[in-house]
Amino acid sequence: MALYEYVTQEQLAGFDKYKYSAVDSNPLSVYVMHPFWNFVVKFLPTWLAPNLITFTGFMFLVFNFLMLAFYDFDFTASAAGHEHVPSWVWVAAGIFNFLAYTLDGVDGKQARRTNSSTPLGELFDHGLDSWACIFFVATVYSIFGRGESGVGVATLYYILWVVLFSFILSHWEKYNTGILFLPWGYDISQVTISLVYLVTAVVGVETWYQPVLFHLLYRDLFTFMIIACSFTVTLPMSLYNVLKAYRSNTLKHSSLYEAFLPFLSPVLLFILSTIWVVYSPSNILELQPRIFYLMVGTAFANVTCKLIVCQMSNTRCQALSWLLLPMLAVVLLAVTGVVANETLLLYLWTAAVILAHIHYGVSVVQQLSNHFNIFAFSLKKPNSD
């Protein structure tokens with residue numbers, strides 16, 4: 001039995017009818033990475049469960065986050081006059097990031113190779129991807145840090161939200177069209193950042209203090225590339241694909257309200273967290289940026305996972321995530337000064353969000369494993385010897 005049955009009977013019935021449909025038109029992915037992943041997957045033993053590959057890749061990103069948290073908890077290590085992160089850490093970060101990216105690419109191929117593809121595998125993969133956004137962004141931030149030549153914690157907060165909304169756009173597309181259009185920016189960013197980690201180990205973080213061209217600093221280029229990619233590629237392509245489906249009468253949801261319903265909870269989460277940032281009595285984002293980012297990224301992942309369940313089961317998206325209600329109370333306690341120790345409040349709420357998300361994830365995995373009569377991390381059948 002699952003810890004709690006988050007997936008409804010209607011959704012379970014929808015999962016039974018589910019068929020994977022995705023479009024990957026990125027030249028880097030199609031002509032370089034897929035041939036590489038096809039080569040790599042041949043070395044994996046056929047008894048190795050695809051979900052175990054997915055989870056291992058995810059844990060590489062978590063380890064990167066924890067490793068940089070140890071050496072650069074408050075994102076000041078890359079600033080001039082501070083003790084920098086050791087070079088070997090950047091080497092490890094580059095290797096682990098590329099391993100995570102590679103494992104994320106071969107898990108589906110291993111599933112098809114072992115004839116073990118299930119809707120649970122896709123849900124598990126994309127669910128962990130939604131949580132990985134925060135671990136990836138926070139680790140990259142340590143390259144530039146928050147010093148004079150770095151990126152301000154408030155700026156990074158809004159950059160994080162650009163990344164998060166870029167991620168959910170793909171699943172919003174699929175919720176409306178039935179097709180997952182894989183974003184171009186993902187593959188390019190993973191390969192680039194893996195290389196940047198390794199370059200940082202060789203040349204040192206001081207190199208990123210220098211202007212790229214005239215007075216354009218690397219931090220400005222970093223910020224520009226993320227925002228430009230989101231607003232000139234990801235967003236327009238998503239809108240185009242949904243509009244194309246609307247014009248061809250293949251849109252899965254007839255009204256604009258139903259089509260845009262998946263954005264309600266993420267937008268409300270953004271509003272609540274931004275109110276906390278702006279009206280915080282102790283300027284909590286300056287005091288605890290890493291924990292605040294972790295809280296926001298985990299809450300976002302929880303909201304996104306529920307959307308993924310709905311789009312895969314072809315059911316109506318939940319209008320409001322229950323997580324927003326206690327968060328509203330927490331934000332009010334913080335900004336009104338009712339709770340004097342804002343840092344402690346943030347730590348307690350972050351722990352609650354993480355535990356709630358893990359409980360949700362474990363429950364859904366157990367529920368779908370029971371439904372499909374499979375083990376999540378083994379290719380053996382539950383009723384086999």
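- Side-chain N or O atoms of Asp220 include none that pairs as donor or acceptor with a backbone N or O of Leu216 at under 3.5 Å.
- By the side chain to side chain contact (heavy atoms under 4.5 Å, CB included) test, Tyr257 is found to be paired with Ser255, Leu261, Arg316, residues two or more places apart in sequence or in another chain being considered.
- When atom types are taken as modelled, the side chain of Tyr31 and the backbone of Asn26 share no donor-acceptor pair closer than 3.5 angstrom.
- For the pair Lys380 and Ile374, the minimum side-chain heavy-atom distance is 4.5 Å or more.
- How far CG of Asn302 is from NE2 of His357: 5.5 Å, rounded to the nearest 0.5 Å.
- For residues 231-253, every residue pair satisfying the ring pair (Phe, Tyr, Trp, His ring centres under 6.0 Å) rule, not counting sequence neighbours, is listed here: Tyr175-His253.
- Sorted pairs that involve residues 22-44 and meet salt bridge (Lys or Arg N to Asp or Glu O under 4.0 Å), not counting sequence neighbours, are lacking altogether.
- Smallest separation of non-hydrogen atoms from Leu120 and Val365: CD1-CA, 4.1 Å.
- Between atom CG of residue Leu307 and atom NE2 of residue His171 there is a gap of 7.5 Å, rounded to the nearest 0.5 Å.
- For the atom pair Asn370 CG and Leu12 CG, the distance stands at 10.0 Å (nearest 0.5 Å).
- Nearest heavy-atom pair, Pro262 versus Trp172, reported as atom, atom and distance to 0.1 Å: CG-CD1, 4.0 Å.
- By the 30° and 60° cut-offs, the orientation of the rings of Phe60 relative to Phe96 is parallel.
- Taking the ring axis of Phe65 as reference, the NZ or CZ atom of Arg290 stays within 45° of it and closer than 6.0 Å to the ring centre.
- Evaluated for a side chain to side chain donor-acceptor pair (under 3.5 Å) with Tyr186, the options Asp129, Asp104, Thr234 yield exactly one hit, Asp104.
- A donor-acceptor contact shorter than 3.5 Å links the side chain of Ser248 to the backbone of Ala245.
- Residues passing the ring-ring contact (aromatic ring centres under 6.0 Å, His included) test with Tyr6, sequence neighbours excluded: Tyr4, His359, Tyr360.
- Residues forming a ring-ring contact (aromatic ring centres under 6.0 Å, His included) with Trp47 (at least two apart in sequence, or on another chain): none.
- No side-chain heavy atom of Met67 sits less than 4.5 Å from a side-chain heavy atom of Thr139.
- Two rings, from Trp208 and Phe222, have their centers 6.0 Å or more apart.
- Residue Gly297 comes nearest to Ile134 through the heavy atom pair CA-CB, 3.9 Å, listed as atom of the first residue, atom of the second, then distance.
- Residues Asp74 and Gln288 form no side-chain contact, since every pair of their non-hydrogen atoms from C-beta on lies 4.5 Å or further apart.
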Side-chain donor-acceptor pairs under 3.5 Å in residues 105-112, sequence neighbours left out?
{"from": "Asp107", "atom 1": "OD2", "to": "Thr54", "atom 2": "OG1", "distance (Å)": "2.7"}
{"from": "Lys109", "atom 1": "NZ", "to": "His34", "atom 2": "ND1", "distance (Å)": "3.1"}
{"from": "Lys109", "atom 1": "NZ", "to": "Asn38", "atom 2": "OD1", "distance (Å)": "3.1"}
{"from": "Gln110", "atom 1": "OE1", "to": "Arg113", "atom 2": "NH1", "distance (Å)": "2.9"}
{"from": "Gln110", "atom 1": "NE2", "to": "Pro45", "atom 2": "O", "distance (Å)": "2.9"}
{"from": "Gln110", "atom 1": "NE2", "to": "Leu48", "atom 2": "O", "distance (Å)": "3.0"}

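- Residues passing the salt bridge (Lys or Arg N to Asp or Glu O under 4.0 Å) test with Glu206: none are found, sequence neighbours excluded.
- Between Trp131 and Phe300, the ring centre distance reaches or exceeds 6.0 Å.
- Side-chain polar atoms of His82 and Asp72 form no donor-acceptor pair below 3.5 angstrom.
- Counted within 6.0 Å of CG on Asn115, heavy atoms from surrounding residues, nucleotides or ligands total 12 or fewer; the atom is thus considered open.
- Nearest heavy atoms, Gly121 versus Asn51: CA-OD1, 3.4 Å.
- Looking only at side-chain heavy atoms (C-beta outward), Phe58 and Phe63 stay at 4.5 Å or farther from each other.
- Side chain of Glu5 to backbone of Val7: no donor-acceptor contact under 3.5 angstrom is found.
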- [ ] Apply side chain to side chain contact (heavy atoms under 4.5 Å, CB included) to Ser265 and Leu324, showing your working.
- [x] CA-CA 8 Å; Ser265 285; Leu324 296 173; 3.9 Å; yes

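- A donor-acceptor pair is defined here as one N or O able to donate and one able to accept, closer than 3.5 Å; no such pair exists between the side chain of Ser142 and the backbone of Leu68.
- The closest side-chain heavy-atom distance from Leu368 to Phe124 is not below 4.5 Å.
- The number of heavy-atom neighbours closer than 6.0 Å to OH of Tyr20, taken from other residues, nucleotides and ligands shown, is above 12.
- Here CG of Leu66 is found 11.5 Å from CZ of Phe70. Values are rounded to the nearest 0.5 Å.
- Formation of a donor-acceptor pair under 3.5 Å by the Tyr18 side chain with backbone atoms of Thr118 is not found in this model.
- Distance check: Phe75 CZ to Phe144 CZ gives 13.5 Å after rounding to the nearest 0.5 Å.
- For Ser87, there are no side-chain hydrogen bond (donor to acceptor under 3.5 Å, both in side chains) partners two or more places apart in sequence or in a different chain.
- In this view, Ser194 and Asn97 satisfy the side-chain hydrogen bond (donor to acceptor under 3.5 Å, both in side chains) rule, not counting sequence neighbours.
- Taking the six-membered ring where tryptophan is involved, the planes of Trp161 and Tyr157 are perpendicular, since the angle between them exceeds 60° and thus also 30°.
- For Asn176 (side chain) and Ala259 (main-chain N/O), a donor-acceptor pair under 3.5 Å exists by modelled atom type.
- Around the OH atom of Tyr71, the shell of radius 6.0 Å holds more than 12 heavy atoms that belong to other residues, nucleotides or ligands.
- By the side-chain hydrogen bond (donor to acceptor under 3.5 Å, both in side chains) test, Trp37 pairs with no residue at all, sequence neighbours left out.
- Under 4.0 Å is where a charged nitrogen must lie from a carboxylate oxygen, and between Glu258 and Lys252 no such pair does.
- Alongside Ile179, the hydrophobic cluster contains Val23, Phe181 (criterion: ILVMFWY side chains under 4.5 Å).
- No side-chain donor-acceptor contact under 3.5 Å links Ser378 to the backbone of Phe375.
- From Thr200, atom OG1 reaches atom CD1 of Ile143 across 4.5 Å, with rounding to the nearest 0.5 Å.
- Side-chain contact between Glu342 and Leu346 is absent, with no heavy atoms from C-beta onward closer than 4.5 Å.
- The environment of CZ in Phe55 is sparse: at most 12 heavy-atom neighbours from other residues, nucleotides or ligands sit within 6.0 Å.
- Between Phe98 and Tyr101, the ring-plane angle classifies as perpendicular under the 30° and 60° cut-offs.
- Taking 4.5 Å as the limit, every side-chain heavy atom of Val331 sits out of range of all side-chain heavy atoms of Tyr279.
- For Thr343, the side-chain hydrogen bond (donor to acceptor under 3.5 Å, both in side chains) criterion is met by no residue, not counting sequence neighbours.
- Under the 3.5 Å distance criterion, the side-chain polar atoms of Gln311 are left unmatched by any main-chain donor or acceptor of Lys174.
- Judged by distance alone, the side chain of Arg146 and the main-chain N or O of Glu286 form a donor-acceptor pair under 3.5 Å.
- At a threshold of 4.5 Å between non-hydrogen side-chain atoms, the residues Val278 and Thr274 count as touching.
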